[in-house]
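Below: the structure, in structure tokens.
Lettering follows sequence order; numbering is per chain, from 1.
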Amino acid sequence: MAFFVVFLLVQVAVPLFQLTQPRPARFGWQMFSTLRADLLGVSYHIEAAGGEVIPVQLSAHLARARLEIDHRTVLPPYLCGVTPGAVAVIFERGGTTTGRYACP
Amino acid sequence: MPVKAFFDRLLWSTAPARPLAITRIIVAGVALAKAADLAPALFILSRSEVMRLPYWGWAPDISMGMAWLLVSLWAAAGVGLLLGWRTRWTGAVLVAVMAAVLLLDQQLYSNHFYLLILLCLLLTIANSGAALSLDARRAGERETVPAWPVTLLKLQLSIVYGFAVIAKLNLYYISGAVLDVYWTRQGLYALPDALRRMEVLFALAAISLLAEAMLAMALWHRRTRHTAFVIGLGLHLTIIATMGPTGELTLFAFMMFGLYLLFLDATPRSRLVFWDDQCAFCRRWVMSFRRLDWLRVHRFVGSSDSSVLTEAGVTREAADMAIQLVGGHNRRASGFAAVRSILERLPASFLWAPLLRLPPLEWLGDRVYRNVGARRSCEVPIRVKT
């Protein structure tokens with residue numbers, strides 16, 4: 001009986017809490033609930049020391065693309081770390097530069 | 001039904017073991033398919049050039065050896081659960097391995113994977129190996145299991161649909177913008193550009209919300225249950241056909257259909273089916289129904305068994321003319337209606353059989369049944385065990 005109550009409480013409480021988080025949130029059954037319009041069509045480029053801009057092939061660096069993950073915050077530091085000589089990571093959307101992350 | 005009796009039935013009583021066993025088989029099959037689906041991602045994560053996103057800093061790196069170990073354990077435990085071999089142990093190992101994989105990296109999360117782990121956990125606790133399993137072959141099949149874990153499985157379904165609806169109550173979804181992005185633009189089930197208008201997309205979004213809301217509640221009520229099966233079938237088939245990724249959505253659908261089975265009224269041998277046992281044509285149909293009656297809900301009685309006939313209040317003439325069904329609460333049906341009612345309790349047909357209640361199909365089915373019944377060729381009678 002204790003397991004029944006605890007399991008049910010957790011299964012209701014966690015999704016309820018996740019409703020207060022940015023969508024889509026994990027463990028909340030928020031499948032197809034919204035669009036991450038800010039992530040749609042974003043592409044990444046690496047700016048090298050000589051000014052050269054190299055497009056990034058996401059499939060080479062991601063196991064799976066998930067909407068719960070904002071790649072704009074986690075991908076640039078990682079790309080800077082694994083790309084020797086990288087100066088910055090540039091975000092583009094529809095051919096327009098929308099952001100730039102300077103490598104430390 | 002009084003509230004106390006309702007809760008007593010859900011928590012303290014017993015539930016039929018066979019529906020739970022079939023759910024176990026379906027979910028274990030999904031677990032094996034998921035292992036094949038996720039294994040490439042695990043191996044990819046073992047490569048140094050691929051980004052890792054652990055939930056916690058102390059999470060171990062995924063080496064190729066670890067990936068192989070996890071996938072192998074997953075597959076072995078999945079087969080064990082599917083066959084119902086040492087069900088509680090293999091179920092526990094499967095849950096542990098899948099949970100470890102889920103929590104190794106944020107990129108490995110998906111809603112249906114999370115649901116799969118929860119269902120395997122509940123199936124492990126619920127003694128889902130009590131029937132249709134190697135365990136049952138060894139120790140003897142049990143007819144019933146405790147009801148409370150089965151109730152949790154059913155509640156989990158309502159929780160998934162319920163929160164899926166609540167999460168969709170936002171402008172992006174209700175306006176149809178989400179459907180506009182995800183609905184395929186190619187192939188047979190594409191939504192043409194001409195229909196990608198606000199009013200159409202809004203209507204489609206509203207229909208999907210109503211369907212999911214109904215599924216969260218209607219499966220619990222006898223009067224709405226069969227309609228809910230059809231709506232669920234339609235909803236999931238539409239999602240698979242029109243959106244992606246197809247593989248993951250198919251796995252999700254199978255899990256939900258496996259849970260639908262638990263809502264069927266499947267008390268063993270609770271329904272009597274009387275048939276003309278002097279007719280070989282009828283015997284072939286009854287044999288088919290018996291083969292598909294995996295839940296053992298029906299008891300097939302030949303019309304020559306006068307004692308059972310009399311007790312059930314069915315005449316021999318009626319049973320010879322058309323198949324007769326006597327169910328719980330003395331509900332009766334004959335002919336095509338009886339056939340439809342039988343199909344609504346068979347795992348292979350319970351999702352779509354309620355469609356046969358639709359007026360044109362019901363009328364047509366009745367006409368066909370009567371015509372076939374009038375023209376049937378009954379050969380030398382053969383005794384059939386009931």
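To the nearest 0.5 angstrom, A:Q11 atom CD is 9.0 Å from B:L152 atom CG. Here B:Y173 contributes atom OH and A:F32 contributes atom CZ; the two are 9.0 Å apart, rounded to the nearest 0.5 Å. How far CH2 of A:W29 is from NZ of B:K168: 12.5 Å, rounded to the nearest 0.5 Å.
Only the side chain of A:F7 comes within contact range of chain B, with heavy atoms under 4.5 Å apart. B:F252 touches chain A through its side chain: at least one heavy atom from C-beta onward sits under 4.5 Å away, while N, CA, C and O do not. In this structure, the portion of A:R66 lying under 4.5 Å from any heavy atom of chain B is its side chain and not its backbone. Proximity to chain B (any heavy atom under 4.5 Å) is shown, for A:L58, by neither the backbone nor the side chain. Both the backbone and the side chain of B:V178 have a heavy atom closer than 4.5 Å to some heavy atom of chain A. The part of B:N170 that comes within reach of chain A is its side chain, from C-beta onward, which places non-hydrogen atoms under 4.5 angstrom from that chain. Both the backbone and the side chain of A:L35 come within contact range of chain B, with heavy atoms under 4.5 Å apart. If you measure heavy-atom distances from B:L122 to chain A, the contacts under 4.5 Å come from the side chain alone. Using a 4.5 Å cut-off between heavy atoms, A:L75 contacts chain B through both its backbone and its side chain. With a threshold of 4.5 angstrom between heavy atoms, B:L249 approaches chain A through side-chain atoms but not through N, CA, C or O. In this structure, chain A has heavy atoms under 4.5 Å from both the backbone and the side chain of B:L115. With a 4.5 angstrom heavy-atom cutoff, B:L179 does not touch chain A via any of its atoms.
Under a cut-off of 6.0 angstrom, the local environment of CZ in A:F4 is crowded, with over 12 non-hydrogen atoms contributed by other residues, nucleotides or ligands. Atom CZ of A:F17 sits in a sparse spot, with 12 or fewer heavy atoms from other residues, nucleotides or ligands closer than 6.0 Å. Annotation for B:Y189: atom OH does not count as buried by contact number, only 12 or fewer foreign heavy atoms lying within 6.0 Å. When the shell of 6.0 Å around CZ of B:F254 is examined, it contains 12 or fewer heavy atoms from other residues, nucleotides or ligands. No more than 12 heavy atoms of other residues, nucleotides or ligands lie within 6.0 Å of CG in B:L171, so this atom counts as exposed by the packing criterion.
Across all their heavy atoms, A:L8 and B:L155 have their closest contact at CD1-CD1, 3.8 Å. Of all heavy-atom pairs spanning A:L62 and B:I44, the tightest one is O-CG2, 4.4 Å. In this structure, B:A41 and A:A63 approach most closely via the heavy-atom pair O-CB, 4.0 Å. Contact record, A:V12 with B:F163: O-CZ, 3.6 Å, taken as the closest heavy-atom pair. Shortest non-hydrogen contact noted between B:A167 and A:S33 is O-CB, 3.5 Å. The two residues A:T34 and B:Y172 have their closest heavy-atom pair at OG1-CD1, 3.2 Å.
Looking only at heavy-atom pairs under 4.5 Å with chain B, the residue among A:R23, A:E68, A:M31 that has the most is A:M31.
Among the residues in residues 98-109 of chain B, those with a non-hydrogen atom closer than 4.5 angstrom to a non-hydrogen atom of chain A are B:L102, B:Q106, B:Q107, B:L108, B:Y109. Contact residues of residues 205-220 of chain B toward chain A are absent (heavy-atom distance under 4.5 Å).
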